[in-house]
Number of protein chains: 2
Amino acid sequence: MLSYTEENYLKTIYHLSEGGHKSVLTNEIAASLLTKAATVTDMIKKLSLKEFITYEKYYGVNVTKKGKAHALTIVRKHRLWETFLVEKLGFAWDEVHDVAEQLEHINSSLLIEKLDAFLDYPTADPHGHPIPDKHGKIKQEKQIVLKEALVNKPLVVCAVRNGSSPFLQYLSKIGVSIGVSITVRERIEFDGSLEVSIQNKKPQLISREAAENILVKE
Amino acid sequence: MLSYTEENYLKTIYHLSEGGHKSVLTNEIAASLLTKAATVTDMIKKLSLKEFITYEKYYGVNVTKKGKAHALTIVRKHRLWETFLVEKLGFAWDEVHDVAEQLEHINSSLLIEKLDAFLDYPTADPHGHPIPDKHGKIKQEKQIVLKEALVNKPLVVCAVRNGSSPFLQYLSKIGVSIGVSITVRERIEFDGSLEVSIQNKKPQLISREAAENILVKE
DNA sequence: ATAAAAGTTTAGACTAATCTAAAAAAAATT
DNA sequence: AATTTTTTTTAGATTAGTCTAAACTTTTAT
Ligand SMILES: [Mn+2]
Ligand SMILES: [Mn+2]
Ligand SMILES: [Mn+2]
Ligand SMILES: [Mn+2]
């Protein structure tokens, strides 16, 4: 059994490792969790003792199979709760993350299975992020970053990379949400900004930063 | 802001004080929370410093107005969550308490207001316990203990006193749930057991203990 | 009215999670 | 290759919540 804090460390390490594919350094974890490196060192010793990660002094940590499995249950809970908040309670997509940060630590497998059924087994959360199934399996569809999209090819918004409130609110304002159609009309080489048409409406400019944080599919 | 632990102490003290009407002794709190008296003494010092309770050394504690208000928000959350689990997720009434013990500490007023609306502003939880409204107001209907009920007077089950799983499962088994009609046919003076007819079915015997834990109204 | 019993508080210790400052190791620069 | 800079770890402290054992108060029984 992991504590609330240990779960947060494990989830953060899992995300920073990009799903277990690369090792993660002490300072990255500290920056991500707004703690100090010394605190992280203590915690990673604990997590490696419990075999959720492996740890080589001075060279960072890697998530073990056991660690990845547990991290996935936390991600699953986080995303199911976010889906519940939007679909059933009427939250906006920029209001759910902080509440889900708390709800993801509720410990009841019956609860999470019933919630999953109640939501009709969703495969993506309100930000388009995939929801692992009860076995930890993720259904990943292929998606590309809007910034790299071909000009004049009609695409559909399928996820955001950055889930911060200001960004999500900005997207809502310009009419972007999951499932909306979007076509790049012109790429401005000077600053990387794009002229895009959303739902076939009058083209508008979006910044390079925005275009790097919108994921689309055909 | 109270910690998870402080909230549990405050809620327990509130319940033991019967809604703020009597003072509560150190050992009662310790017994209720399965901790030791010394631990309780430390915690009640902290809670009284924060003015959620008043504390007179050796003579127990009393809940302040502020303490009662906060306790009521926790009770509200607990009972709204229990209602959600039963009404929306299909939990049985004996499965919800432990999960609600966790959920009651989730901190988001938006969440609780939206949940309340989603459930259509319920006034009682699955055990018949009243749900305080957002101002902490409790709508208490008058109810009597089945043990004291008049013979041959048709009544309706409106709450249980004891919410333990074994008791709730026993009630389900004999056909008792909230809203069911019940009539006392005979009171056995020897051991206090009652012969009752549930939903006008064949009379059956229930023990004094059971009859003390079922609340009914006309 | 004392003495014994019961209940409560204090003292001292432990674990989890955090910090700052100092030491050590690795990486980058000259 | 040596030195400087950056990163990480270790050492030592702090706070929250818990415990046991000892001391102190209140209550009960003689
Ligand atoms: Mn999120
Ligand atoms: Mn979290
Ligand atoms: Mn309950
Ligand atoms: Mn609780």
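Reminder, nothing fancy here: chain letters follow the sequence lines and each chain counts from 1.
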Any chance CD of A:Q169 has more than 12 other-residue heavy atoms, nucleotides or ligands included, within less than 6.0 Å?
->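 Correct, the count exceeds 12.
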In 5'-to-3' order, the base (B), backbone-only (S) or no-contact (-) status of each nucleotide in nucleotides 2-10 of chain D, using a 4.0 angstrom heavy-atom cut-off, is -----SBBB
Spacing of [X] atom [atom1] relative to [N] atom [atom2], expressed in whole Å:
X: B:K36; N: D:dA22; atom1: NZ; atom2: P; answer: 16 Å
X: B:E6; N: D:dT15; atom1: CD; atom2: P; answer: 15 Å
X: A:M43; N: C:dT15; atom1: CE; atom2: C1'; answer: 12 Å
X: B:M1; N: D:dA16; atom1: CE; atom2: P; answer: 15 Å

Any ion pair linking B:E212 and B:R208 (charged N to carboxylate O, less than 4.0 Å)?
->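 Here B:R208 pairs with B:E212 in a salt bridge, since their nearest N and O are under 4.0 Å apart.
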Taking side chain as C-beta onward, heavy atoms only, is A:Y170 less than 4.5 Å from A:V176?
->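 A side-chain contact under 4.5 Å is absent here.
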So what does A:Y4 hit on the nucleic acid, given a heavy-atom distance under 4.0 Å: a base, only sugar-phosphate, or nothing?
->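 Counting heavy atoms under 4.0 Å across all strands, no contact is made by A:Y4.
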Tell me, please, whether A:Y55 has A:K45 positioned over its six-membered ring: NZ or CZ under 6.0 Å from the ring centre and within 45 degrees of its axis?
->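 A:K45 over A:Y55 ring: no.
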With ring centroids as reference points, do A:F84 and B:F84 lie under 6.0 angstrom apart?
->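 Under 6.0 Å, so yes.
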Indicate yes or no for a side-chain donor-acceptor contact from A:E6 to the backbone of A:S3 under 3.5 Å, with no hydrogens or angles considered.
->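 Present.
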